[in-house]
Amino acid sequence: MPPAENPEHAIEVHLDRLLEERGMTVVELADKVGITNVNLSILKNNRAKAIRFSTLSKICEVLGCQPGDLLSFTPRSTVAAQAEIRDP
């Protein structure tokens, strides 16, 4: 779910892309990070309301990435402007 569809925050998680680039599944990552598949899926599908730094650190360690590779922020004003351009 893109940030525009989540009214609570404008953070987007790029876990799908990172997993694909590394040839890894959600199940494999969950096992290596030490969290449940369900919790990792919630994060992957942009439904998480929070993430512990310890979990974020472990995900970055396992995937060999930086937090900025995993997360991005799209200001709501930018999302609203893009929607207006598409649907005048």
All N/O donor-acceptor pairs, side-chain side in residues 26-39, below 3.5 Å, sequence neighbours left out:
from  : atom 1 : to    : atom 2 : distance (Å)
Glu28 : OE1    : Thr25 : N      : 2.8
Glu28 : OE1    : Thr25 : OG1    : 3.4
Thr36 : OG1    : Asn39 : N      : 3.0
Thr36 : OG1    : Asn39 : ND2    : 3.4

Got [X] and [Y] here, is their nearest side-chain heavy-atom distance under 4.5 Å?
{"X": "Leu18", "Y": "Met24", "value": "no"}
{"X": "Leu71", "Y": "Glu12", "value": "no"}
{"X": "Thr55", "Y": "Leu43", "value": "no"}
{"X": "Ile11", "Y": "Thr74", "value": "no"}
{"X": "His14", "Y": "Ser72", "value": "yes"}

| Which value, rounded to the nearest 0.5 Å, describes the distance between Leu15 atom CG and Asn45 atom CG? |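 Going from CG on Leu15 over to CG on Asn45, the span is 9.0 Å.
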| message | Test: salt bridge (charged side-chain N to carboxylate O under 4.0 Å, His left out). Region: residues 54-67. Which pairs qualify, not counting sequence neighbours? | response | Lys58-Glu61
| task | Using atom types as modelled and distance alone, determine if a side-chain donor or acceptor of Asp69 lies under 3.5 Å from a backbone N or O of Cys65. | result | no
| said: Any side-chain to backbone donor/acceptor pair from Ser57 onto Phe53? Under 3.5 Å, distance only. | reply: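 Yes: the side chain of Ser57 pairs with the backbone of Phe53.
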| Cluster link Val62 to Ile42, ILVMFWY, side chain under 4.5 Å | no
| task | Assess whether side chain to side chain contact (heavy atoms under 4.5 Å, CB included) is satisfied between Lys44 and Val13, documenting all intermediate values. | result | CA-CA 6 Å; Lys44 181 179 79 74; Val13 180; 5.7 Å; no
| task | Give the intermediate values and the outcome of side chain to side chain contact (heavy atoms under 4.5 Å, CB included) for residues Ile59 and Leu40. | result | CA-CA 10 Å; Ile59 290 171; Leu40 193 57; 4.2 Å; yes
| What are the two closest heavy atoms between Pro67 and Cys60, and how far apart are they? |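 Heavy-atom minimum between the residues: N-SG, 3.6 Å.
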| said: Taking salt bridge (charged side-chain N to carboxylate O under 4.0 Å, His left out) as the definition, give me every residue that meets it alongside Arg22, ordered by chain and number, with sequence neighbours left out. | reply: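 Partners of Arg22 by the salt bridge (charged side-chain N to carboxylate O under 4.0 Å, His left out) criterion come out as none, since no residue qualifies.
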